[in-house]
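For reference, the structure discussed in these notes is given below.
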Amino acid sequence: MPTGHLLTVTGSQEPSDEGRRIAYDFGLESARSRVHLVISNATGIDRHALYGAWEGRCESVVVFDSPLPHGGWSIPSAILLTPFGDTRVDARFRAVSAAALCGALGEATVVIEAPRHGTSLEVARAALDGGREVFVHVGGTRGGALCEGSRTLAQEGASVISSYDEVAALLGWSGPGMV
C-alpha cells in the first residue's frame, strides 16, 4: 500500500465534459501533493481522476467490483484490489461492496458529479459511516439530473469545495509529500 494520505474520489460513470476535466485536474493536483487516490475501476469520473494521478506520477489504489483483470490495465502506478474472486456473486452486491471499500479506504471522499442513484453515493455513505469527511465539488452542485446526488450530499452538510487545495486545507494536509 502507498504511504501517505489516501483520498477517495468518486462520481458519475457518465460525467459531463466539465466533470471529466475537474476529475483529471483533481487527480493531477492531488498527485503533485503526493496524495494517493482511491477510486473504483469505473469509467467516467473515477477513470479521469486516475489519469490525472498517473500524469502526476503518484500511485493510486483501484478497487474492482469483479475479479482482477488479467490484462488491459497497463497503468503502472496503480495498486489493484478486489474483494471478489468469483463472478457468481451478484453484480449489485459486488458493486455496493466495492463502493464501501472505496469509502472506507480513503481518509476523506470527494464527490465530483453524482446522480441520485448509483455507486458514488454508496461510496459517500460508506465514508460517512466510517466517520470520514465527505466533500462535494462545486461543479457537482449545478442543475440537472447528473448532479442530483451531489446536491443532496451538499444539502445534508457535506462541505462544497472547488479545488484539491481547499480539501487539503480543510483536512490539515499541508505541503507536498506529507508522508
Side-chain angles (χ1 to χ4, degrees), residues 1-65 68-69 71-82 98-99 101-114 118-120 123-124 126-127 130 132-142 146-147 150 153 158-179:
M1 286 297 271
T3 57
H5 294 297
L6 294 171
L7 179 64
T8 301
V9 175
T10 191
S12 173
Q13 291 185 27
E14 297 177 14
S16 68
D17 289 340
E18 179 186 9
R20 286 184 195 88
R21 182 195 52 76
I22 290 167
Y24 180 87
D25 291 347
F26 208 91
L28 183 59
E29 289 304 312
S30 63
R32 287 179 176 160
S33 295
R34 310 311 307 155
V35 170
H36 306 279
L37 296 187
V38 177
I39 59 163
S40 77
N41 66 309
T43 58
I45 294 295
D46 297 52
R47 191 72 51 87
H48 282 79
L50 176 62
Y51 293 156
W54 184 29
E55 181 73 23
R57 304 289 186 250
C58 190
E59 193 171 50
S60 298
V61 177
V62 182
V63 179
F64 281 74
D65 61 358
L68 292 178
W73 271 82
S74 61
I75 296 175
S77 60
I79 295 172
L80 310 181
L81 289 177
T82 186
L101 186 55
C102 282
L105 285 174
E107 295 170 59
T109 294
V110 175
V111 179
I112 294 181
E113 280 181 346
T119 56
S120 297
V123 172
R132 290 162 175 79
E133 291 282 336
V134 173
F135 302 98
V136 174
H137 193 278
V138 68
T141 60
R142 65 185 185 290
L146 184 60
C147 299
S150 300
L153 288 170
S159 297
V160 177
I161 52 91
S162 62
S163 68
Y164 166 78
D165 289 338
E166 281 185 62
V167 171
L170 289 167
L171 294 174
W173 299 348
S174 59
M178 300 114 346
V179 178

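Taking all atoms of both residues into account, the shortest heavy-atom contact from Val136 to Ala158 is CG2-CB, 3.8 Å. Contact record, Gly103 with Ala126: CA-CB, 4.2 Å, taken as the closest heavy-atom pair. For the pair Ser30 and Leu37, the tightest heavy-atom approach, listed with the atom from each and the gap, is OG-CD2, 3.3 Å. Nearest heavy-atom pair across Gly139 and Cys147 is O-SG, 4.0 Å. Across Ser120 and Ser12, no two heavy atoms sit closer than the pair OG-N, 3.8 Å. Taking both residues in full, the closest heavy atoms of Glu166 and Val160 are given as OE1-O, 4.2 Å, listed atom of the first, atom of the second, then distance.
Remark: Asp46 CG to Thr119 OG1 distance equals 7.0 Å, nearest 0.5 Å. Between the CD atom of Glu55 and the CG atom of Asp25 there is a distance of 11.0 Å, given to the nearest 0.5 Å. Rounded to the nearest 0.5 Å, atoms OG (Ser159) and CG (Leu153) are 11.5 Å apart. To the nearest 0.5 Å, atom CG of residue Leu105 and atom CG of residue Leu7 are 12.0 Å apart. Here the CD1-CG distance, from Ile39 to Leu50, works out to 4.0 Å after rounding to the nearest 0.5 Å. Remark: Glu113 CD to Glu14 CD distance equals 11.5 Å, nearest 0.5 Å.
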Practice item. Using the side chain to side chain contact (heavy atoms under 4.5 Å, CB included) rule, take Asp65 and Ser40 through it: C-alpha gap first, then chi angles, then the decisive distance, then the call. Key: CA-CA 8 Å; Asp65 61 358; Ser40 77; over 6 Å; no

Exercise for review: Report the C-alpha distance between Ser163 and Glu29 in whole Å, list the side-chain angles of each, state the deciding distance to 0.1 Å, and finish with yes or no for side-chain hydrogen bond (donor to acceptor under 3.5 Å, both in side chains).
Suggested key: CA-CA 9 Å; Ser163 68; Glu29 289 304 312; over 6 Å; no

Exercise for review: Report the C-alpha distance between Glu133 and Leu171 in whole Å, list the side-chain angles of each, state the deciding distance to 0.1 Å, and finish with yes or no for side chain to side chain contact (heavy atoms under 4.5 Å, CB included).
Suggested key: CA-CA 9 Å; Glu133 291 282 336; Leu171 294 174; 4.0 Å; yes

Exercise for review: Take Thr141 and Val138 through the test side chain to side chain contact (heavy atoms under 4.5 Å, CB included) and record every step on the way to the result.
Suggested key: CA-CA 5 Å; Thr141 60; Val138 68; 4.0 Å; yes

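In terms of the ring-ring contact (aromatic ring centres under 6.0 Å, His included) criterion, His137 has no residue partners (sequence neighbours excluded).
Not one N or O on the side chain of Thr10 forms a donor-acceptor pair closer than 3.5 Å with the backbone of Val111. Under a 3.5 Å cut-off, the side chain of Gln13 and the backbone N or O of Thr43 do not form any donor-acceptor pair. A donor-acceptor contact shorter than 3.5 Å links the side chain of Thr8 to the backbone of Cys102. Panel note: side chain Arg32, backbone Gly56; no donor-acceptor pair is recorded below 3.5 Å. Judged by distance alone, the side chain of Arg20 and the main-chain N or O of His48 form no donor-acceptor pair under 3.5 Å.
Between Trp173 and His5, the ring planes are parallel. Angles under 30° get that label, and only those over 60° would be called perpendicular. Using cut-offs of 30° and 60° for the angle between ring planes, the Tyr51 and Trp54 rings count as tilted.
Within 6.0 Å of atom CD in Glu18, more than 12 heavy atoms from other residues, nucleotides or ligands are found, so the atom counts as buried in its surroundings.
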